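Reviewing the structure listed below.
Keep in mind the model is a prediction, meaning the values are calculated, not measured.
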Amino acid sequence: MLDVDWGDLIYYLGDDPHTQSIVIYMESIGNARAFMSAAREVALAKPIIVIKPGRTEELREPRPPTPARLLEATRFWKWPFAAAAHCE
């Protein structure tokens with residue numbers, strides 16, 4: 001079994017000479033530290049666009065709050081990109 005996270009994928013695509021930009025449809029971040037390290041490094045050479053579903057009230061499905069869901073709240077998604085000088 002392979003264990004590939006977003007950081008691994010970003011580093012791989014960052015090293016690929018045929019990849020000009022990276023677009024990610026991300027429902028959950030997983031290892032945030034690995035993701036941000038890779039994104040900061042690779043974004044210096046290639047643009048990275050992250051599409052996060054469920055950001056509008058119409059797209060959100062009602063689910064009970066859980067610790068995992070609280071971690072994925074809007075505030076959690078805003079700070080890493082602001083710290084890395086990315087736009088929302």
| query | Where the side chain of K46 meets the backbone of Q20, is there a donor-acceptor pair that is under 3.5 Å apart? | reply |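 Checked: no pair found.
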
| request: Check whether any side-chain N or O of W6 sits under 3.5 Å from a backbone N or O of A38 as a donor-acceptor pair, and report yes or no. | output: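 Absent.
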
| message | List the residues meeting side-chain contact (heavy atoms from CB on, under 4.5 Å) with Y12, not counting sequence neighbours, and say none if there are none. | response | none

| said: Taking transitive links into account, so neighbours of neighbours count too, which hydrophobic residues share a cluster with V4 at under 4.5 Å side-chain distance? | reply: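 Listed partners: L2.
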
| Out of curiosity, S21 OG to I48 CD1, how far, rounded to the nearest 0.5 Å? | 10.0 Å

| If you round to the nearest 0.5 Å, how far is CZ of F35 from CD1 of I10? |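 Nearest 0.5 Å value for the CD1-CZ distance: 4.5 Å.
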
| message | Could you see if V23 belongs to whatever hydrophobic cluster contains Y25? Use Ile, Leu, Val, Met, Phe, Trp, Tyr and a side-chain cutoff under 4.5 Å. | response | yes

| Is there a chain of hydrophobic side chains (I, L, V, M, F, W, Y, each step under 4.5 Å between heavy atoms) that links I49 to M26? |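 No, because I49 and M26 fall into different hydrophobic clusters, even though each may have its own neighbours under 4.5 Å.
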
| field | Heavy-atom closest pair, residues V42 and G14 | value |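 Taking every non-hydrogen atom into account, CG1-CA, 3.7 Å.
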
| If you look at every heavy atom in I22 and T19, which pair is closest and at what distance? |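 Looking at all heavy atoms of both residues, the shortest contact is CG1-CG2, 4.1 Å.
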
